[in-house]
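In what follows, a structure is listed as C-alpha cells, so that the remarks can point back to it.
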2 protein chains.
Amino acid sequence: MQTRRYHHGDLRAALLTRAERTLREKGPGALSLRELARDLGVSHAAPSRHFKDKQALLDALALAGFERLDEALAGSRAAGETFADRLGGLVRAYVDFALANAELLDLMYTVKHDPAASEELITAAQRLGAMAVELVAEGQRSGEVREGPVDDIGMPVFTTLHGFASFAVSSVLSAEEVESGLDAVIAYMVRGCAPS
Amino acid sequence: MQTRRYHHGDLRAALLTRAERTLREKGPGALSLRELARDLGVSHAAPSRHFKDKQALLDALALAGFERLDEALAGSRAAGETFADRLGGLVRAYVDFALANAELLDLMYTVKHDPAASEELITAAQRLGAMAVELVAEGQRSGEVREGPVDDIGMPVFTTLHGFASFAVSSVLSAEEVESGLDAVIAYMVRGCAPS
DNA sequence: ACCTGAACACCGTTCAAGT
DNA sequence: ACCTGAACACCGTTCAAGT
C-alpha cells in the first residue's frame, strides 16, 4: 500500500501521457477524465486544476501530436539528393507517424465546433504545411519543380500527403496498400496525371 | 397539446434526420440519444429498437452521408469536355459537399475502433475512390492521362481530392483559400510538380 | 411489433473545504 | 498552490411490463 502521492506539479503531464495511452489502446470513446484520475490515483476533480474541461485536454493532446509530427518531418528532410527523394522522405515520415498514431492523428484534425478555441491547432497544421511549401521552394530553386507561385504547388502537395495518411488511418487503404502505393503517390506528386 | 403519436415505423428515419440536424447545428459532442428521443417525443429507450447503440446510429448517419456524396459526385461527371474539366467537376463537387456537410464528412472518415463494424463504411469510401479511378481510366483511353496501372494514378488523385476537402472541413484552409486554391489543385493533379 | 418507465452504472463540471 | 468530497444534472444501456 503506497501512501497517496502528491503529483508535485507533474499531474498535467501525467494526464496527457495516460490519455494518449488510453486513446491508443481503447479509442477516443473510452477517454474519460474520471477514469484518467482513477488511473493516476487522484480525485476526479483534480484534472480540472490543469485543464478547464475535457476539450482542453483533447486540444493539448492534439497540440503535442503536432509537435511530435513536426519533429518527425523535420528529421526526414536531411536525407535525399533529388527533390523526388526528399519528397519521398517526407511522405514516408508522415505515413509512418500516421500508422503509429492513428487515433491521435484523427484527433489532431477533428473538427472543433468552436473555431476560436482551435486557432492554435490550425496554426500548428499550417506550420506543417509550410514544410511542404519549403521543400517545393527548394525544388524550384534547383529547377526540379516548375515555376509559379510556390503555394500553388506546395499546398496541393501537402494536401496529397495528408489525404494519403488519412486514408491509411481510416483503413480506406490497408497497410499493404499503403506500402505498395507509396511509390505511386510519390511519382504522381512529381508527374501528375498528364502524359510526359 | 398533441396526443402522443406513434411513429408508425418512421422513428428510425426521424432519428437520423434529427441527428444530422443536431450534428450540423451543435456539433458531434452535443449528439445524445436521450435528447434525440426528447426532441421527437418518444421515450429515451425507444431509439434502441432501431439502433443497437449510439455507435450504430453514427454509422448509419455516416453511411447515408456516403450515399449522398456518391450521388453528388456521380452527377458531376456528365459535364466537361476534357479530362481536366471532368476532374475539375469532381473536385468542385467533393469540396462543395465538404463545405456544406463539414461535421458529417468528419464523421464519415472518423476512425472506428472496432474495425469489423466499419467494414460497410470502408466499402462505401472505396466506391467513391472507384469513381476517381474510372475518371482516370477514361483519361487514359483518350490519351489525356499517362499510361500505367490505373490505380497508381487513380488512388493518388482520390487522395488529393480527399485531403483538400479535409483541410477545408478542418479549417486548415479558410473558405477563401479553398476557393482560390481550387484551380491550383486541379492544375497540380494534372501536371504534378515537375517542369513541363 | 413497438414503445414505456424504472433502474443501474457511469459521465463532466462546480464548489466549499481541507492541507 | 494543489487536491478532496459531495452534489448536480446529465448520459448510454438494459429489461420487465404495457398496448
Side-chain angles (χ1 to χ4, degrees), chain A residues 1-23 25-62 103 107 110 112-114 116-118, chain B residues 1-23 25-62 103 107 110 112-114 116-118:
Chain A
M1 266 294 163
Q2 195 176 356
T3 61
R4 183 68 123 292
R5 305 149 299 178
Y6 265 30
H7 275 275
H8 42 84
D10 69 349
L11 179 55
R12 194 192 133 94
L15 283 165
L16 285 173
T17 303
R18 186 78 197 197
E20 196 190 329
R21 179 173 152 188
T22 303
L23 185 67
E25 291 175 358
K26 302 187 197 167
L31 207 54
S32 127
L33 288 178
R34 288 180 100 111
E35 190 177 8
L36 246 33
R38 245 180 273 127
D39 291 342
L40 296 175
V42 296
S43 84
H44 65 259
S48 75
R49 284 284 132 189
H50 302 277
F51 300 102
K52 92 172 208 295
D53 56 20
K54 191 181 179 179
Q55 189 59 52
L57 184 145
L58 293 177
D59 288 348
L61 216 46
E103 299 84 0
L107 181 69
T110 285
K112 311 300 178 302
H113 212 248
D114 179 4
S118 57
Chain B
M1 264 295 165
Q2 194 177 359
T3 59
R4 183 66 124 292
R5 305 150 301 178
Y6 264 30
H7 276 275
H8 43 83
D10 70 348
L11 179 56
R12 194 193 134 95
L15 283 165
L16 285 173
T17 303
R18 186 78 197 197
E20 196 189 331
R21 180 173 151 189
T22 304
L23 185 67
E25 291 175 358
K26 302 188 198 166
L31 206 55
S32 127
L33 288 179
R34 287 179 100 112
E35 189 178 10
L36 245 32
R38 245 179 272 126
D39 290 343
L40 296 174
V42 296
S43 84
H44 65 259
S48 75
R49 284 284 134 189
H50 302 277
F51 300 101
K52 91 173 209 294
D53 57 21
K54 191 180 181 180
Q55 189 59 51
L57 185 145
L58 294 177
D59 288 348
L61 216 47
E103 298 84 0
L107 181 67
T110 285
K112 312 300 178 302
H113 213 248
D114 178 4
S118 58

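Everything numeric in this text was worked out from a predicted model, so none of it was measured. Order of the sequence lines sets the chain letters (A, B, ...), proteins ahead of strands, with each chain counted from 1.
Not one side-chain nitrogen or oxygen of A:Ser48 sits closer than 4.0 Å to the OP1 or OP2 atom of C:dT13. Phosphate contact (OP1/OP2 of C:dC3, side-chain N/O of B:Ser43, threshold under 4.0 Å): absent. Neither OP1 nor OP2 of C:dA1 sits under 4.0 Å from any side-chain N or O of B:Arg12. Considering only side-chain N and O atoms, A:Arg38 lies under 4.0 angstrom from the phosphate OP1 or OP2 of C:dC11.
Atom C1' of nucleotide C:dA1 and atom CG of B:Asp10 are separated by 14 Å, given to the nearest angstrom. Distance, A:Leu31 CG to C:dC10 C1': 15 Å, rounded to whole Å. Atoms CZ (A:Arg49) and C1' (D:dG5) sit 14 Å apart, rounded to a whole Å. For the pair B:Lys52 NZ and D:dT13 P, the computed distance is 9 Å after rounding to whole Å. Distance CG (B:Leu33) to P (D:dT13): 6 Å, rounded to an integer number of Å. Look at CG on A:Leu36: it is 16 Å from C1' on C:dT13, rounded to the nearest Å. As a whole-Å value, the separation of B:Glu35 CD from D:dG12 P is 9 Å. As a whole-Å value, the separation of B:Leu15 CG from C:dC3 C1' is 13 Å.
The base of D:dT13 sits within donor-acceptor range of the side chain of B:Arg34, with an N or O pair under 3.5 Å.
Rounding to the nearest 0.5 Å places CG of A:Leu31 at 10.5 Å from CD of A:Glu20.
Shown here for B:Ser43 and B:Pro47, the closest heavy-atom pair between the two residues is O-CD, 3.5 Å. Minimum interatomic distance between B:Ala46 and B:Leu11 (heavy atoms only, all atoms of both residues): CB-CD2, 3.9 Å. Contact between B:Ala37 and B:His44 at its shortest, heavy atoms only, is CB-CA, 3.8 Å. Shortest non-hydrogen contact noted between B:Leu57 and B:Ala19 is CD2-CB, 3.8 Å. Taking both residues in full, the closest heavy atoms of B:Leu16 and B:Ala60 are given as CD2-CB, 3.9 Å, listed atom of the first, atom of the second, then distance.
Considering only side-chain atoms of B:Asp53, the nucleotide from D:dT13, C:dG12, C:dT13 that sits closest is D:dT13. For A:His44, whose side chain is taken as the heavy atoms from C-beta onward, the closest listed nucleotide among C:dT14, C:dA7, C:dC11 is C:dT14.
For the pair A:Phe51 and A:Leu61, the minimum side-chain heavy-atom distance is 4.5 Å or more.
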Exercise. Which dot-bracket string describes DNA chain C (Watson-Crick N1-N3 plus N6-O4 or O6-N4, or G-U N1-O2 and O6-N3, all under 3.5 Å; [ ] crossing; | other strand)?
Worked result: ||.|||||...|||||.||

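Each of A:Lys54 and B:Ala45 has a nearest nucleotide on DNA chain C; the 5'-most of these lies closest to B:Ala45.
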